[in-house]
Amino acid sequence: MIKNIVVVGGGTAGWMSACYLKATFGENVSVTVVESKNIPSIGVGEATFSTVRHFFQYLGLQEHEWMPECSATYKLAIRFENWREPGHHFYHPFERTRVVDGFPITDWWLKQRPSDRFDDDCFVIPALCEQLSSPRHLDGNIFEQREDRAGSGSEAVGRSTLTEQQTQFPYAYHFDTVLLAKFLTKYGTERGVAHVLDDVTRVALDERGWISHVDTAEHGELHGDLFIDCTGWRGLLINQALGEPFISYQDSLPNDRAVALRVPVEAATRGMRPCTTATAQDAGWIWTIPLFDRIGTGYVYASDYISPEEAEKTLREFVGPEAEGVEANHIKMRIGRTRNAWVNNCVGIGLSAGFVEPLESTGIFFIQNAIEQLVKHFPDATWNEGVRASYNGHMARMLDGVREFLVLHYYAAARQDNRYWKDTKTRPLPDGLAERIEQWRIKLPDSESIYPWYHGFEPYSYQAMLLGLGGVPLRSSAALGSMDGAAAGKTMRDIRDEARGLVATLPSQYEYFAHMRRPS
Ligand code: FAD
């Protein structure tokens, strides 16, 4: 059996992996994290997917135990600003579409268009975002949800994993990634993860080309059965030592840089919008992530279209006076994936395995899925090739699927006001996407027509993006023209009423977290 795991790297990927493996195997498997004192972690990666709560629940952590420590807040949606045209915005919420007479409410919306806002007519979450509401009442209960989504608010997911989750939970988290790594370091080491603060100076291979140990500057050799490469884009083990090639996605996703700021703000007066905002810019987009005591913000851009200096200037102007004196973090991004994330006895997790730009906050989701799948595909002493191949196939398909979804964001955005946005319409599309888009022009995306492998996104996400971005003409199903639309019309009115009722009773997000932080 595998008895000894060495995790190289102590960023989000390293500590999430180590804590998850410890929670899974306890005393039966030793887990060591070796992390450099000199090489900082990437320092960004603050917005998540709704499924991340399973990670915390797997570790047995309640929100009140970890959220205040990590300056964390709720995220109910992504708000896309200016992707269609300046001044326009829409939400991609964590909310499935309701179904009326066999058709999604979004399809009915295309037919009836009771207002020009599909998001407010089809989902309740946009109203909560507009009003800066918390998804939980002060007593801790999640906002009331309709019968057909019953269970989605359930706390009792237990130690299940992403692929068993059938429900759509209504929110994810924002958190300070540095504070989370600190929190997980304490969590992990208290439960037996060995922590070595040192630089790995060499990766030693045996005669078969498998990793026998890593050399460190001050702690000698670290031996293990299984090595997890969490060294970020360096890919010290998987790419550099084992020579596994990297497959770039740059041809379809050209944003290759980011500049980020950590901006202290007074949340009590400013309020905290419970969503990530992605604001389109001349050569990319700016993220805004409200944490409890600051915002995380950054401009993701393509260096073929704008210089780092111009990008930083644009970002600072966008943020305004609060950004004065705040140091900028310039980041070169490696977009794509390592061909096989698992080679011999080494598994790359995190940026070493793959990354697409953070438009849908997928980096931490990739990490979570990778660890869960590693446990499901856990090797034994025979190191079965088929197990490795199955893992690699799962991870490759997931990343390729997210790539497709992100390319769609640019292709389907109505905006075409400069060379950057015009080029998004002519760049080659990944295999299969062009055909799928043609299908969506005549019928909204459904489970049969989206990317067929697990990649974290469901048909409702595709529908919301196409309806919001506005660049691909859509039409309602022909059958709706000959059906009685009264029930659908009522559902859309009910959604508006429900949303009004919720924002009238829910506390603001700031109030909720101020309450959670109050000493009991
Ligand atoms: P890193 O953070 O780079 O950590 C690497 C670790 O390896 C460090 O601890 C370092 O010390 C160690 N190391 C390196 N070399 C050695 C050595 N020789 N010896 C010992 N240790 C070594 N994801 C999301 O889910 N949501 C987001 O909103 C989001 N936004 C992002 C925005 C940007 C601009 C970028 C670039 C990424 C974003 N991500 C996001 C992705 C997310 O940041 C990463 O997936 C996540 O932080 C994991 O990084 P990592 O741990 O793989 O690498």
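We use all heavy atoms of the structure for the numbers below, so side chains are in, but hydrogens, waters and symmetry mates are not. Whatever order the structure lists ligands and atoms in, that order sets their numbers, starting from 1.
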| note | Looking at Ser361, Ala258, Gly348, the heavy atom closest to atom 34 (C) of ligand 1 belongs to Ala258
| message | Under a 4.0 Å threshold between the charged nitrogen and the carboxylate oxygen, would Glu312 count as salt-bridged to Arg316? | response | yes
| request: Looking only at distances, please establish whether an N/O atom of ligand 1 is found under 3.5 Å from an N/O atom of Gly11. | output: yes
| task | Indicate yes or no: does an N/O atom of Leu236 lie under 3.5 Å from an N/O atom of ligand 1? | result | no
| query | Below 3.5 angstrom, do we get any N/O pair linking Ile289 and ligand 1? | reply | no
| message | For Arg415, is there an ion pair with Asp282 - N to carboxylate O distance below 4.0 angstrom? | response | yes
| said: Below 4.0 Å from ligand 1: does a non-hydrogen atom of Asp198 turn up there or not? | reply: yes
| task | Look only at interatomic distance and state if Gly14 has a nitrogen or oxygen under 3.5 Å from any nitrogen or oxygen of ligand 1. | result | no
| message | Would Ile42 count as being in polar contact with ligand 1, using the rule that some N or O on each side must be under 3.5 angstrom apart? | response | yes
| note | Between Asn239 and the options Arg234, Glu244, Arg334, the side-chain hydrogen bond (donor to acceptor under 3.5 Å, both in side chains) test singles out Arg334
| message | Checking the N or O distance criterion of under 3.5 Å, is ligand 1 in contact with Ile349? | response | no
| request: Tell me, please: is Ala260 in heavy-atom contact with ligand 1, that is, under 4.0 Å? | output: no
| query | Quick one: does Ala13 get an N or O within less than 3.5 Å of an N or O on ligand 1? | reply | yes
| Taking NZ, NE, NH1 and NH2 as the nitrogens, is one of them in Arg79 or Glu130 under 4.0 Å from a carboxylate oxygen of the other? | yes
| message | Between ligand 1 and Gly350, is the shortest N or O to N or O distance under 3.5 Å? | response | no
| query | Got an N/O contact under 3.5 Å between Ser36 and ligand 1? | reply | yes
| remark: Test side-chain contact (heavy atoms from CB on, under 4.5 Å), reference Asn4, set Val31, Leu222, Val29, Asp225, output is Asp225
| request: Take atom CD of Glu327 as the centre, draw a 6.0 Å sphere, and report whether it contains more than 12 heavy atoms from other residues, nucleotides or ligands. | output: no
| Given Ala47, Ala217, Ala181, which has its nearest heavy atom closest to atom 27 (C) of ligand 1? | Ala47
| message | Under 4.0 Å, counting heavy atoms only: does Trp287 come that close to any atom of ligand 1? | response | yes
| Does a side-chain N-to-carboxylate-O contact under 4.0 Å join Lys313 and Glu317? | yes
| Salt-bridge present (Glu63, Arg136; N to O < 4.0 Å) | yes
| said: For ligand 1, which is the ligand I care about here, please tell me if Leu351 has any N or O atom under 3.5 Å from one of the ligand's N or O atoms. | reply: yes
